[in-house]
Amino acid sequence: MKAVSLSSNTGRWIMASSILASSMAFIDSTALNVVLPSLQSSLNSSASDIFWVLNAYLLMLAAFILLGGSLGDKLGRKKVFLTGIFIFMAGSVACGIAPDVNLLIIFRALQGLGGAMMIPGSLSLISASFVSKERGTAIGTWSAVTTMVTIGGPILGGILGDAGLWRYIFFINVPIGIVAALILWFKVGESKDEQIDHRLDYPGAITAVLGLALLTFGFLRIPETGVNNSQVLISLAGGLVFFGLFIYLEKKSKYPMMPLSLFSNKTFSGVNLLTFFLYAGLSAGLLFLSLNMVQVQGYSQLQAGLTLLPFSLLMVLVARFAGKLADKYGPRVLLIAGPAAAGAGLLLLSLVRQTAGPSEYWTSFFPGIVIFGLGMAFTVAPLTSTVMAAVADHFSGTASGVNNAITRIASVFANAILGALAILIFTAYLAEETDKIKLQPASRQIILAESSDFGNAELPEELNDKQRIQIEKVYHQGFIRAYSTVLMICSGLAFLGAAMSALFVKNPD
């Protein structure tokens with residue numbers, strides 16, 4: 001398919017189908033978080049079950065996203081993208097009618113497999129279809145709309161959850177997916193580069209999937225079991241072995257799934273390092289920000305979702321403009337200043353202590369969210385377009401798969417490691433402060449055992465009113481201490497991302 005302009009009919013159809021399909025995956029990833037209490041009650045499931053409802057999807061997405069990107073380059077981007085849409089829709093319907101939590105976990109994994117083909121497929125189709133001078137603007141448009149959908153997900157989830165309609169989060173994907181598939185089928189031509197070898201790298205695919213799956217599983221288990229658990233250690237060690245074998249096979253293969261020569265480009269390597277550090281900080285920062293608002297600051301789940309609207313609006317208003325700036329002046333300055341601003345916003349958010357609730361939002365959380373949002377808005381589109389521009393067009397799917405895999409692994413890594421660190425800080429604070437309060441040994445043990453639930457930790461029934469007030473205050477102060485430490489680390493990760501851009505990213509000649 002010849003390169004087209006954004007203003008052409010074909011260009012508009014490509015953007016519409018890519019945005020609609022990607023939106024399905026992004027809605028599910030954020031809206032589901034808000035309805036977990038309703039889902040848990042409806043399916044009579046445990047906290048561990050709910051954990052895997054979220055992470056079965058993430059596990060499959062991280063494991064197969066590199067393969068999904070490579071398949072698009074070799075077999076045809078439209079074909080693989082369409083396949084991903086149909087798998088995701090089938091998984092969504094199955095999730096919506098799942099009678100118990102075990103089947104829901106299995107069907108969430110099926111959704112993850114579909115998402116692994118859709119997400120890199122949408123970006124590689126955009127990158128390979130548009131003329132180079134409009135590529136940044138196209139990716140900026142994609143970033144703005146999909147981010148708006150992502151941030152709007154919790155609001156949708158709050159509305160459906162409060163109404164007892166959590167299953168509709170899955171069913172809403174069906175009409176969106178049908179429209180996206182029809183547009184692709186009738187209005188978008190196939191995109192495939194005939195210059196590359198279309199034979200599949202089966203050994204590379206198998207080792208990549210096993211390596212990414214084991215690494216992801218190991219990181220996901222850390223918050224539940226701790227780092228020294230045998231499952232964690234075996235999974236992480238196995239993941240590193242398979243990933244090392246994958247690198248060896250790719251080096252020797254005549255038609256590798258992920259040509260290692262891509263990383264000889266300093267800009268490609270640098271922008272992927274930026275992606276790892278920035279998205280690690282973004283993921284953990286948003287997670288602990290939401291927990292703080294709901295568990296400690298007294299926000300409802302819907303209010304917590306609404307607090308991120310400024311972030312969403314900034315993405316909509318700025319991301320497309322940032323893409324144009326990157327097209328015109330080059331991405332380097334934006335990829336240094338954007339992550340640095342995001343880091344400054346996270347640092348400002350780390351300084352927020354106990355507030356009086358939503359009434360103090362504008363003077364507590366709002367300034368940090370605005371600066372954080374501005375930083376991300378000026379980063380996302382230039383980052384994605386730089387990844388795609390750093391490689392030849394026939395590797396666009398592979399490049400997208402690599403960058404998306406790094407994004408997912410960074411999120412899992414940060415949530416696991418910083419989640420475990422937060423529990424350590426929270427538990428240590430509880431142990432220190434409960435020593436100062438007259439408590440029965442059994443009550444103290446119950447309080448310390450509740451540390452993994454952070455601000456939702458329950459109080460022992462035998463406490464008197466004075467003790468309840470004291471322990472509740474300790475819970476809140478302990479969480480805020482953990483939150484502050486985690487957000488400061490997230491800020492440091494964002495600044496480290498900016499440093500990667502300063503060291504490695506260059507403007508195209």
Side-chain angles (χ1 to χ4, degrees), residues 25 29-30 32-33 36 47-68 105 108-109 111-113 115-116 119 207-247 272-291 401-427 451-454 482 485-487 489-490 492-494 496-497:
S29 66
T30 57
L32 195 61
N33 291 339
L36 290 179
S48 178
D49 291 334
I50 295 303
F51 178 85
W52 282 105
V53 168
L54 290 175
N55 289 309
Y57 174 83
L58 190 59
L59 177 63
M60 293 295 282
L61 186 66
F64 283 92
I65 202 162
L66 188 59
L67 176 59
I105 290 169
R108 283 284 287 163
Q111 276 191 310
L113 179 61
I119 295 173
T207 51
V209 167
L210 288 173
L212 288 169
L214 286 169
L215 285 173
T216 305
F217 179 79
F219 284 132
L220 289 173
R221 292 290 289 160
I222 288 174
E224 282 191 292
T225 65
V227 178
N228 292 324
N229 181 268
S230 59
Q231 285 186 4
V232 170
L233 295 175
I234 291 170
S235 295
L236 293 179
L240 289 173
V241 169
F242 276 113
F243 206 70
L245 183 58
F246 168 70
I247 298 298
N272 277 297
L273 285 171
L274 160 62
T275 298
F276 181 85
F277 292 122
L278 180 62
Y279 278 87
L282 170 70
S283 178
L286 288 179
L287 172 64
F288 278 86
L289 179 63
S290 297
L291 287 174
V402 168
N403 193 248
N404 275 284
I406 288 172
T407 299
R408 309 303 158 186
I409 290 293
S411 298
V412 174
F413 174 84
N415 289 347
I417 300 300
L418 296 182
L421 175 63
I423 290 174
L424 287 175
I425 295 170
F426 187 59
T427 304
S451 60
S452 61
D453 286 336
F454 293 125
T485 302
V486 168
L487 266 286
I489 293 172
C490 291
L493 289 169
L496 195 54

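All figures in this text were calculated on a predicted structure; none of them were measured in a lab. Starting from 1, each residue takes its place in the sequence as its number.
With rounding to the nearest 0.5 angstrom, the CG atom of Leu286 is 11.0 Å from the CG atom of Leu291. For the atom pair CG of Leu282 and OG1 of Thr275, the computed distance is 11.5 Å after rounding to the nearest 0.5 Å. The distance from atom CG of Leu273 to atom CD1 of Ile406, rounded to the nearest 0.5 Å, is 7.5 Å. Note that the OH atom of Tyr279 and the CG atom of Leu274 stand 8.5 Å from one another [nearest 0.5 Å]. Distance CD1/Ile425 to OG1/Thr485: 4.0 Å, rounded to 0.5 Å. Atom CG of Leu215 and atom CG of Leu210 lie 11.0 Å apart (nearest 0.5 Å).
Using modelled atom types, no side-chain atom of Arg108 and backbone atom of Tyr57 make a donor-acceptor pair closer than 3.5 Å.
Residues Leu214 and Gly238 approach most closely at CD1-C, 3.7 Å, considering heavy atoms. The heavy-atom pair separating Ala414 from Ala284 by the smallest distance is CB-CB, 4.1 Å. Residues Leu493 and Ala280 come closest through the heavy atom pair CD1-CB, 4.0 Å. The two residues Val486 and Ala422 have their closest heavy-atom pair at CG2-CB, 4.0 Å. Shortest non-hydrogen contact noted between Leu61 and Gly115 is CD1-C, 3.4 Å.
Using cut-offs of 30° and 60° for the angle between ring planes, the Phe276 and Phe413 rings count as tilted.
The shortest side-chain heavy-atom distance between Val232 and Asn228 does not fall under the 4.5 Å cut-off. The closest side-chain heavy-atom distance from Leu212 to Leu67 is not below 4.5 Å.
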Go through the steps for Leu418 and Leu287 under the test side chain to side chain contact (heavy atoms under 4.5 Å, CB included), then give the verdict.
-> CA-CA 10 Å; Leu418 296 182; Leu287 172 64; over 6 Å; no

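With sequence neighbours left out, the side-chain contact (heavy atoms from CB on, under 4.5 Å) criterion links Ser411 to Ser283.
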